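In what follows, a structure is listed as structure tokens, so that the remarks can point back to it.
What you are looking at is a predicted structure, and each value in this text was computed from that prediction instead of being measured. Residue indices begin at 1 and follow the sequence shown.
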Amino acid sequence: MSVRNTTSSSDFTLLGLLVNSEATGIIFTVIFAIFVVAVIANLVMIFLIQVDPQLHTPMYFLLSQLSIMDTLLICTTVPKLLVDMVSTEKTISFVACGIQIFLYLTMIGSEFFLLGLMAYDRYVAVCNPLRYPVLMNRQVCFLLAAGAWFGGSLDGFLLTPITMNVPYCDSRSINHFFCEIPAVLKIACADTSLYETLMYICCVLMLLIPISIISASYSLILLTVHRMRSAEGRKKAFTTCSSHLTVVSIFYGAAVYTYVLPQSFHMPEQDKVVSAFYTIVTPMLNPLIYSLRNRDVTGASRRIFTRCSSSQKVGMGSSYRFSDKKTGLPKSFLQDL
């Protein structure tokens, strides 16, 4: 009996995105639609990049990693949110809350670093196009992606145990729709000011490193573009970088509000809306921005559709397969942009 009481008392209650809202049905439908579009769009991006040889380049390899992170990020928070919106029981266990914090921190941190590394990729492509196949070879790309994943998981491994070891009050109602650390710490029974300061420094450093890489990369890109005599070359350079800059502006803008601005600027409802933006909306926008503004991706979609149609016409007995010559990853992966 005491074990049961201890177990039940360790659960948290998530108050949700909008407390006591009369438009729950409409909000549920919108969030569910965004979730479906985000997951499908990211999975399609991953599929196209894996299947189409013309997308076997460093930029699209890094973009596939971004799509994986976005898919995992939105799957970490939204399914629980949707279940809570149609259920009277809005509890989340202590362990589930810790897992959610870890996955969320890992995905967010990994995206921080990956977006910075993608800016470096754009710098090499624009400023050193002749050396691009050497500077961004297959091994380098895998190391960059592994570094982004490692940096994000390190953040999760550092902050999650500390957060879950903080003593919490009997009233375990979290005024949020998922276990985000700032919201969880508000129900702590101990003084968490030192931990919040350390977490603030950690978040600033995690933002400062990729932002420095992005700023330096695009400063050099602007200088290179300014020196270009060809209008076509300038247009191509801006087109190459515009999608990435759009994603960076959206993602980092929301992150700076959440983790850099002092607590005096924060209000619970605003925090939840901002969190919803970059955990629900951003994973949907990223693949759409890269696909709608990118001729390579739309071209890959048409080629895959054409090949599927052609294979169906040949007959059920034979299936279309890329030959090793066409899909030799080392060769296509080093293809210049």
Side-chain angles (χ1 to χ4, degrees), residues 34 37-38 41-42 45 58-60 62-74 77 104-105 107-127 144-145 148 151-152 155 180 182 200 203-226 234-262 265-266 270-298 337:
I34 293 174
V37 172
N42 280 292
M45 285 292 294
M59 182 182 76
Y60 290 108
L62 296 177
L63 182 57
S64 69
Q65 299 300 303
L66 180 64
S67 292
I68 294 173
M69 294 172 186
D70 280 335
T71 304
L72 294 175
L73 175 61
I74 198 170
T77 58
Y104 167 77
L105 289 175
M107 295 307 114
I108 289 291
S110 299
E111 287 203 30
F112 283 162
F113 290 115
L114 185 68
L115 289 172
L117 296 174
M118 290 174 72
Y120 170 75
D121 170 72
R122 295 299 82 214
Y123 155 72
V124 178
V126 175
C127 301
L144 293 178
D155 187 39
E180 190 172 28
Y200 176 82
C203 293
V204 169
L205 289 175
M206 286 194 65
L207 282 168
L208 188 61
I209 294 172
I211 286 177
S212 299
I213 297 174
I214 292 169
S215 301
S217 297
Y218 279 106
S219 296
L220 295 172
I221 287 173
L222 286 175
L223 288 174
T224 303
V225 171
H226 179 70
R234 291 183 179 183
K235 181 180 178 181
K236 185 177 180 180
F238 280 121
T239 302
T240 302
C241 302
S242 60
S243 296
H244 179 255
L245 279 174
T246 303
V247 171
V248 165
S249 301
I250 294 173
F251 190 77
Y252 280 88
V256 167
Y257 170 84
T258 303
Y259 295 103
V260 177
L261 285 182
F265 290 89
H266 289 256
Q270 291 179 353
D271 289 350
K272 287 191 285 186
V273 171
V274 174
S275 296
F277 182 77
Y278 69 82
T279 59
I280 302 175
V281 180
T282 303
M284 178 192 69
L285 292 179
N286 288 350
L288 295 180
I289 289 171
Y290 275 103
S291 61
L292 295 176
R293 302 183 62 180
N294 196 309
R295 294 180 180 178
D296 293 338
V297 176
T298 54
L337 294 179

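Expressed to the nearest 0.5 Å, how far OG of Ser217 lies from CG of Asp121 amounts to 9.5 Å. Between the CD1 atom of Ile213 and the CE atom of Met118 there is a distance of 13.0 Å, given to the nearest 0.5 Å. The distance from atom CG of Leu105 to atom SG of Cys203, rounded to the nearest 0.5 Å, is 8.0 Å. Here the OG-CG distance, from Ser110 to Leu115, works out to 10.5 Å after rounding to the nearest 0.5 Å. How far OG1 of Thr279 is from CD1 of Ile108: 7.5 Å, rounded to the nearest 0.5 Å. Note that CG of Leu63 and CD1 of Ile68 are 10.5 Å apart. Values are rounded to the nearest 0.5 Å.
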Exercise for the section: Evaluate the side chain to side chain contact (heavy atoms under 4.5 Å, CB included) criterion for residues Tyr218 and Arg122: first the C-alpha distance (whole Å), next the side-chain angles of each, then the deciding distance (0.1 Å), finally the verdict. Expected result: CA-CA 8 Å; Tyr218 279 106; Arg122 295 299 82 214; 4.0 Å; yes
Practice task
Determine, step by step, whether Glu111 and Asn286 satisfy the side chain to side chain contact (heavy atoms under 4.5 Å, CB included) criterion, reporting the C-alpha distance in whole Å, the side-chain angles of both residues, the deciding distance to 0.1 Å, and the verdict.
Solution key: CA-CA 11 Å; Glu111 287 203 30; Asn286 288 350; 4.1 Å; yes
Problem - side chain to side chain contact (heavy atoms under 4.5 Å, CB included) between Ile74 and Asn42, worked out - result: CA-CA 11 Å; Ile74 198 170; Asn42 280 292; 6.0 Å; no
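Here the shortest heavy-atom pairing between Leu205 and Pro210 reads O-CD, 4.5 Å. Nearest heavy atom pair, residue Tyr123 against residue Leu220, reads CE1-CD1, 3.5 Å. Of all non-hydrogen atoms in Tyr278 and Pro283, the two that sit nearest each other are O-CD, 3.8 Å.
Among Leu66, Thr282, Leu285, the one residue that satisfies the side chain to side chain contact (heavy atoms under 4.5 Å, CB included) test with Phe251 is Thr282.
Looking at Asp70, its side chain never comes within 3.5 Å of a backbone N or O of Ala38 through a donor-acceptor pair. Side chain of Tyr252 to backbone of Phe112: a donor-acceptor contact under 3.5 angstrom is found.
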